[in-house]
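In what follows, a single structure is set out as structure tokens and then discussed.
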Number of protein chains: 2
Amino acid sequence: MLKISELGARTGLSPHTIRFYEKHGLIEASTRTEAGYRYYNDSDVRRAEFVKTARNIGFSLDDIGQLLSIRVDKESHSCQEVTDITRHKLNEVNERIAELESMRTTLSRLLASCCGGPEQATHCSIMDALDNGEVETRQRAGTA
Amino acid sequence: MLKISELGARTGLSPHTIRFYEKHGLIEASTRTEAGYRYYNDSDVRRAEFVKTARNIGFSLDDIGQLLSIRVDKESHSCQEVTDITRHKLNEVNERIAELESMRTTLSRLLASCCGGPEQATHCSIMDALDNGEVETRQRAGTA
DNA sequence: TATAAGCTTAGAGTTAACTCTAAGGTCAAT
DNA sequence: ATTGACCTTAGAGTTAACTCTAAGCTTATA
Ligand SMILES: [Zn+2]
Ligand SMILES: [Zn+2]
Ligand SMILES: [Zn+2]
Ligand SMILES: [Zn+2]
């Protein structure tokens, strides 16, 4: 039986994050001491590790919730349900990659066009391009 | 001179977003009527279009603020400053793409391993992989 | 003149996934 | 018995970029 900080050490999650995941139904301590301390048994630990693995892959907490509900009752769920979740995630990832690649292309082209030197930016081709909207503008914006 | 909704139509930004950008110092209406209505002149419109173009490329509002401060006084700034901002963004984009490609690889491999059929998930190789942490887990997680 | 469309502000809400704080209780070791 | 490390809870704060609401004014049209 592990305490919360020990589970944290095992999984690489902070106690704060573990409690946060608990609040969202992802992780549970099947035992509590009288004082309320959480204790995690082997099954709890495996579930927590499952969560961490899924998180590392990039699944959202919501996705993970669905995967967990399959995990606790595999007989009632199909491989298709699992691949649906996985494929949906893959589609999101592919879309985002396409957006980012479009940004990359634009940024590279801009960089290639500018001297990058210490001269005044009055003649800067990047500023010019931004001023003139000379940029293929297919995708949604968004942080890196 | 354009009203806020007309500027919105021109740029594809909502009036809400235009006011939000104003609050963050990106866009300004150089004239206001007595009643307080914003009116945008040609220069304001060009600045707003610059912002929209930069946003489309993927620059953050913070990046755009820096680009704008160069834009209003190009003599005092260099091409190097412009490329620094651009290259920094490109680096972020490249890092994010690398993370997402790692996710894509993992997700594709998982999908390839599972039958995806209507059978019970008791034998599902995706669930097994998640249970056993059999996944290369190099990158930070994050939504799509 | 009445109605509707559009404008104003301040400020709250949204989303995801944490991250931290405060105030106090518990436990192992000295 | 006293540290000090660790635990508890409820709830607030963070980040980015919006997005919306409320309550009330203005303007154009019919
Ligand atoms: Zn130059
Ligand atoms: Zn330049
Ligand atoms: Zn199967
Ligand atoms: Zn399967």
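Per chain, numbering begins at 1; letters A, B, ... match sequence-line order. In what follows, every heavy atom counts, from backbone to side chain, and hydrogens, waters and symmetry copies are set aside. Bear in mind that the values here come from a model prediction, so they are computed numbers and not experimental data.
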Would you say B:N56 and B:T53 are linked by a side-chain donor-acceptor pair, where the criterion is simply a distance under 3.5 Å? no

Figure out the OH/P separation between A:Y21 and C:dC18, and round it to whole Å. 3 Å

A:R47 meets the salt bridge (charged side-chain N to carboxylate O under 4.0 Å, His left out) criterion, sequence neighbours left out, with none

Side chain to side chain donor-acceptor pair (under 3.5 Å): which pairs involve residues 3-15 of chain B, sequence neighbours left out? B:S14-B:T17

If I take atom CG in residue B:L2 and atom P in nucleotide D:dT27, what distance separates them, rounded to the nearest angstrom? 17 Å

With ILVMFWY side chains joined below 4.5 Å, transitively, what does A:M1's cluster contain besides itself? A:Y37, A:Y39

Is the shortest side-chain N to carboxylate O distance from A:R19 to A:E22 below 4.0 Å? no

Could you go through nucleotides 3-7 of chain D and list every protein N or O atom that sits under 3.5 Å from one of its N or O atoms, giving the distance for each pair?
unit_1 : atom_1 : unit_2 : atom_2 : d
D:dC6  : O2     : A:Y37  : OH     : 3.4
D:dC7  : OP1    : A:S5   : N      : 3.1
D:dC7  : OP1    : A:S5   : OG     : 2.7
D:dC7  : O4'    : A:Y37  : OH     : 3.4

Pairwise side chain to side chain donor-acceptor pair (under 3.5 Å) hits with a residue in residues 110-127 of chain B, at least two apart: B:S113-B:S125

Salt bridge present between B:E49 and B:K52 (N-O < 4.0 angstrom): no

Distance, rounded to the nearest Å, where B:K23 contributes NZ and D:dA16 contributes P: 15 Å

Using whole Å, report how far CZ of B:R32 lies from P of D:dT27. 14 Å

Rounded to whole angstrom units, what separation is found between the CD1 atom of B:I18 and the C1' atom of C:dG6? 13 Å

Nearest-Å distance for atom pair CZ/P, residues A:F20 and D:dT8: 17 Å

Report yes if the distance between the aromatic ring centroids of A:F20 and A:H16 is under 6.0 Å, otherwise no. no

Contact under 4.0 Å: B:Y39 side-chain N or O vs C:dC7 OP1/OP2: no

Do any N or O atoms of the protein come closer than 3.5 Å to N or O atoms of nucleotides 20-22 of chain C, and which pairs are they?
unit_1 : atom_1 : unit_2 : atom_2 : d
C:dC20 : N4     : A:H16  : ND1    : 3.3

Using atom NE2 of A:H24 as one end and atom P of C:dA16 as the other, report the distance to the nearest whole Å. 9 Å

Any ion pair linking A:R96 and A:E99 (charged N to carboxylate O, less than 4.0 Å)? yes

Calculate the interatomic distance between B:D62 atom CG and D:dC18 atom C1'; express it in whole Å. 16 Å

To the side chain of A:T17, which of C:dT19, C:dT9, D:dA17 is closest? C:dT19

